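These notes are about the structure you will find just below.
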Amino acid sequence: MSPQLSSRGNGLRRFAGQVAIVTGGGSGIGAATAARLAAEGATVVIADRDLAAAEAAAAALDGTEAVELDVSDGAAVEAVVSAVASRLGSLDVMVCNAGVTLDATVWDTDDAALERILSVNLVGAYACARSALRRMVEAGSGSVVLTSSDAGLVGWPGQSAYCASKGAIVAFVRAAALDAAPHGVRVNCVCPGFTMTPLVEQWIEDSDDPEATRAEVAATQPIGRAAEPSEIAAAIAFLASEEARFVTGTALAVDGGVTAR
Ligand code: NAD
């Protein structure tokens with residue numbers, strides 16, 4: 001096992017005085033990202049449809065609060081973003097991270113399942129980025145980071161709806177970055193590989209043979225293991241920060257080399 005990346009920011013203070021929203025921040029990659037941004041000085045609003053999880057994640061961090069939000073409700077997204085920006089004075093970083101998975105072949109994916117995936121992973125992420133961009137473009141600064149996936153760059157069997165939702169994020173980021181660039185605002189996404197979060201733990205536990213699946217996950221990784229959430233959070237924090245000020249419209253693979261094959 002590799003040493004854990006510090007979620008305390010490694011002494012950096014790249015977000016001092018900034019306001020950030022992290023959707024899906026109640027768990028996994030979002031919780032690690034909220035921790036990283038808060039450790040680096042941001043006031044972070046954790047927006048999650050699971051309010052208890054968001055509150056638990058926020059309670060452990062300084063300068064952090066929780067709000068209940070289902071990102072698939074565009075009006076609710078607009079209301080939360082508007083309230084945060086006016087109450088806290090700005091919105092500097094938006095991390096559109098909430099996501100759900102679906103394990104099914106194309107022919108077993110019914111309309112309801114397709115709608116469920118797209119409404120959160122694509123329409124929800126789009127709505128969050130849109131509401132943030134309205135404020136950021138007006139302010140003339142800001143950074144939006146979306147969580148896509150290695151499944152947005154390559155195909156995985158049994159993941160067609162998930163791949164479609166995450167591939168759409170990569171395409172969205174390119175176009176949104178071009179809209180935003182003249183206004184001093186950047187839009188990027190990370191494409192994580194397997195990351196040991198509750199979402200993946202659950203997926204492994206639900207498989208026919210969890211032990212075999214766990215071994216298979218490790219074996220498919222060129223680096224030989226799945227990522228820790230803090231390793232994805234570090235990449236999100238980089239893209240969100242001024243250090244990445246010449247980076248926009250990009251999909252940064254953070255996948256242990258999976259898509260390099
Ligand atoms: P997770 O299940 O640990 O956390 C997801 C969080 O999102 C939960 O707190 C959940 O309540 C919240 N959420 C779900 N639907 C929501 C909605 N409609 N509105 C608001 N909040 C909602 O998952 P994770 O593994 O941390 O995944 C985070 C993101 O990273 C997702 O977009 C996922 O697709 C992506 N991703 C994960 C992996 C991985 O291996 N874990 C790999 C690539 C991409």
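Side chains included, hydrogens not; waters and symmetry mates left out as well; all remaining heavy atoms used. Quick caveat: nothing in here was measured; it's all calculated off a predicted structure. We count ligands from 1, going down the list as the structure has it; atoms in each ligand are counted the same way.
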Practice problem: I would like to know whether R134 and E138 meet salt bridge (Lys or Arg N to Asp or Glu O under 4.0 Å); could you show each step before the answer? | Solution: CA-CA 6 Å; R134 284 178 179 146; E138 199 183 326; over 6 Å; no
Check whether any side-chain heavy atom of [X] sits under 4.5 Å from a side-chain heavy atom of [Y], and report yes or no.
X    : Y    : answer
F194 : I204 : no
L133 : M94  : no
C189 : V145 : no
L69  : V77  : yes
N121 : V100 : yes
D50  : S27  : no

Among protein heavy atoms, which lies nearest [atom], and at what distance?
atom                    : result
atom 9 (O) of ligand 1  : D48 OD2, 2.6 Å
atom 36 (N) of ligand 1 : Y162 OH, 3.5 Å
atom 19 (N) of ligand 1 : V71 N, 3.0 Å
atom 43 (C) of ligand 1 : P192 O, 3.2 Å
atom 18 (N) of ligand 1 : D70 OD1, 2.9 Å
atom 2 (O) of ligand 1  : L199 CB, 3.2 Å
atom 22 (C) of ligand 1 : A98 CB, 3.6 Å
atom 7 (O) of ligand 1  : G24 CA, 3.3 Å

Among [options], which one has a heavy atom closest to [atom]?
atom                    : options               : value
atom 38 (C) of ligand 1 : S149, G193, P198      : G193
atom 1 (P) of ligand 1  : S27, G28, A53         : S27
atom 32 (O) of ligand 1 : T195, T147, T197, N97 : N97

Self-check item: Same cluster (ILVMFWY, side-chain, under 4.5 Å), V44 and L88
Solution: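 Looking at the clustering, L88 is in a separate group from V44.
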I'd like to know if the side chain of [X] reaches the main chain of [Y], judged simply by a donor and an acceptor atom lying under 3.5 Å from each other, with no hydrogens or angles considered.
X    : Y    : value
S119 : R116 : yes
N97  : T147 : no
Q221 : V217 : yes
R186 : A244 : yes

Side chain, backbone, both or neither: [X] near ligand 1, heavy atoms under 4.0 Å:
X    : value
K166 : side chain
V200 : side chain
V120 : side chain
N121 : neither
C191 : neither

Exercise. Hey, can you tell me if F172 and Y126 have their rings parallel, tilted or perpendicular (30° and 60° cut-offs)?
Key: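 F172 and Y126: tilted rings.
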Quiz item: Can you list the ligand 1 atoms lying under 4.0 Å from a non-hydrogen atom of F194?
Solution: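 It comes down to these atoms of ligand 1: 40 (O).
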Quiz item: In terms of atom number and element, which parts of ligand 1 are under 4.0 angstrom from non-hydrogen atoms of G99?
Solution: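 Once the distances to G99 are compared, the set is 14 (C), 31 (C), 32 (O).
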Quiz item: Looking only at heavy atoms of G25, does any of them come nearer than 4.0 Å to an atom of ligand 1?
Solution: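 No, G25 has no heavy atom closer than 4.0 Å to ligand 1.
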Quiz item: Can T23 be said to touch ligand 1, with heavy atoms closer than 4.0 Å?
Solution: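 The answer is no, since T23 has no heavy atom less than 4.0 Å from ligand 1.
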Exercise. Could you say whether the N/O atoms of I29 and ligand 1 ever approach to under 3.5 Å?
Key: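 Among all N and O atoms of I29, at least one is under 3.5 Å from an N or O of ligand 1.
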